[in-house]
Amino acid sequence: ATDASDTSALNTLFSGMHSPAQLTQWTAAAGDPCGQNWRGVTCSGSRVTQIKLSGLELSGTLGGYMLDKLTSLTELDLSSNNLGGDLPYQFPPNLQRLNLANNQFTGAASYSLSQITPLKYLNLGHNQFKGQIAIDFSKLDSLTTLDFSFNSFTNSLPATFSSLTSLKSLYLQNNQFSGTVDVLAGLPLETLNIANNDFTGWIPSSLKGITLIKDGNSFNTGPAPPPPPGTPPIRGSPSRKSGGRESRSSDESTRNGDSKLENLYFQ
């Protein structure tokens, strides 16, 4: 009853996870996932559409060199297991939901995730990812929820975050991100958690009306002028009350001279 490519992909996945006994009906060769009710597998016709195997104490890796054959798969949930290693080089291309949270995955998050254009939900939280995020978000404009929390990601946020034009919820807490969060300014966010990182600069004004958790960073407390869309922010003089510090060239100081006089006049 099952497409042969789907069966082969699940055989490979089963082997990569050390053929666990708790995956009843699964086999490492042949079999019929749709016709034999393999645990956690949902089908439509002869195609596998969902794999949900959360919290089953699974170990091993994703054994992912066949995963891209699962072209009808829309949801893959392997959260809360003991899976590890790097993410595979290929994923099912039509996934809408991918949940790999609470495992032991390593590396920088595979570039292959960049190609899953229908993706709406991506959760890589509570793993052991590190380094700069290797994902290009340019084509992931359907994402509404993105969770990278509780890893060891470093460096600044990717510039391609600006392409996430559907993003409502973003969880980046408990990493080692640095730089500013300016790239998030134009996104339609409703919930943002950036706590316990190394972010600096100012919080864009567009993020101040949302559910925002930002403790444990080094943000400036002085007011920042809102940058025009698509242009670099113009850095104003921090107020004395804020205790903000900023170095600027003599030319910039000269340019700002008139505005300082205006501020003094209106005060």
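What you see is a predicted model, and the numbers here were worked out from it, not measured in a lab.
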Measure from the side-chain N and O atoms of N102 to the backbone N and O of G125, and report whether any donor-acceptor pair falls under 3.5 Å.
no

Residues T160 and S138: side-chain donor-acceptor under 3.5 angstrom:
no

Without swapping roles, check the side chain of N103 against the backbone of L83 for a donor-acceptor pair under 3.5 Å.
yes

Side-chain contact, heavy-atom cut-off 4.5 Å: Q115 with P93?
no

Do the side chain of N99 and the main chain of A101 share a donor and acceptor less than 3.5 angstrom apart?
yes

Rounded to the nearest 0.5 Å, how far does OG of S19 lie from CG of N11?
9.5 Å

Is there a path of hydrophobic side-chain contacts, each under 4.5 Å between heavy atoms of I/L/V/M/F/W/Y residues, joining Y111 to L146?
no

Salt bridge (charged side-chain N to carboxylate O under 4.0 Å, His left out): pairs with one or both residues in residues 9-35, sequence neighbours excluded
none

Does one hydrophobic cluster hold both V183 and Y171, with members joined at side-chain heavy-atom distances below 4.5 Å?
no

What pair of heavy atoms forms the shortest contact from C34 to V48, and how long is it?
SG-CG2, 4.2 Å

Do K208 and I203 come within less than 4.5 Å of each other through their side chains, counting heavy atoms only?
yes

Is a side-chain donor or acceptor of D68 paired with a backbone partner of P92 at a separation under 3.5 angstrom?
no

Examine distances only and state if a side-chain atom of T27 and a backbone atom of A30 form a donor-acceptor pair shorter than 3.5 Å.
yes

How long is the gap from CD on Q50 to CG on L76, to the nearest 0.5 Å?
10.5 Å

Looking at K120, is its backbone amide N or carbonyl O close enough to the side chain of T144 to form a donor-acceptor pair, meaning the two atoms are under 3.5 Å apart?
yes

Looking only at heavy atoms, which two atoms of L140 and L164 are closest? And how far apart?
O-CD2, 3.3 Å

Closest approach of T61 and M17, non-hydrogen atoms and distance?
O-CG, 3.5 Å

Among residues at least two apart in sequence or on other chains, which ones pass salt bridge (charged side-chain N to carboxylate O under 4.0 Å, His left out) with K139?
none

Donor-acceptor under 3.5 Å (Q22 side chain, L56 main chain):
yes

Within the side chain of N197, is there an N or O that forms a donor-acceptor pair under 3.5 Å with the backbone of Q176?
yes

When rounded to the nearest 0.5 angstrom, what distance separates CG in N175 from OG1 in T154?
9.0 Å

Any pair counted as side-chain hydrogen bond (donor to acceptor under 3.5 Å, both in side chains), so long as it reaches residues 183-193, sequence neighbours left out:
none

Residues S112 and P88: closest non-hydrogen pair is OG-O, 2.9 Å

Measure up the F153 and F148 rings against each other and bin them: parallel (under 30°), tilted (30 to 60°), perpendicular (over 60°).
tilted

Quick one: do T42 and T49 satisfy side chain to side chain donor-acceptor pair (under 3.5 Å)? Show the steps, please.
CA-CA 6 Å; T42 301; T49 56; 5.5 Å; no

Could you list all the salt bridge (charged side-chain N to carboxylate O under 4.0 Å, His left out) pairs where at least one residue sits in residues 101-119, not counting sequence neighbours?
none

Do I213 and L207 share a hydrophobic cluster, counting only Ile, Leu, Val, Met, Phe, Trp and Tyr and linking them when any side-chain heavy atoms are less than 4.5 Å apart?
no

Locate the shortest heavy-atom distance separating D141 from S166; write the atom from each residue and the value.
O-OG, 2.7 Å

Are F150 and Y121 in one and the same hydrophobic cluster, where Ile, Leu, Val, Met, Phe, Trp and Tyr link if side-chain heavy atoms are under 4.5 Å apart?
no

Pair listing, salt bridge (charged side-chain N to carboxylate O under 4.0 Å, His left out) test, anchored in residues 86-114, at least two apart
E75-R97

For R39 versus W26, what's the shortest heavy-atom pair and its separation?
O-NE1, 2.9 Å

Just verifying a value: how many Å separate T7 OG1 and M66 CE, rounded to the nearest 0.5 Å?
9.5 Å

Measuring only between side-chain heavy atoms, which start at C-beta, is L113 closer than 4.5 Å to F91?
yes

Has N81 got a side-chain atom pairing as donor or acceptor with S79's backbone, closer than 3.5 angstrom?
yes

Going through the distances and angles, do R47 and T71 end up as a side chain to side chain donor-acceptor pair (under 3.5 Å)?
CA-CA 8 Å; R47 301 305 306 272; T71 56; 2.8 Å; yes

From L122 atom CG to L100 atom CG, the distance as rounded to the nearest 0.5 Å:
7.5 Å

Does I116 reach the side chain of N94, with side-chain heavy atoms less than 4.5 Å apart?
no

Would you mind listing every salt bridge (charged side-chain N to carboxylate O under 4.0 Å, His left out) that reaches into residues 144-163, with sequence neighbours excluded?
none

Quick one: OG on S156 to CZ on F177, what's the gap to the nearest 0.5 Å?
9.5 Å

Under 3.5 Å, is there a donor-acceptor pair between the side chain of N151 and the main chain of F129?
yes

Do K69 and S8 have side chains that approach each other closer than 4.5 Å (heavy atoms only, starting at C-beta)?
no

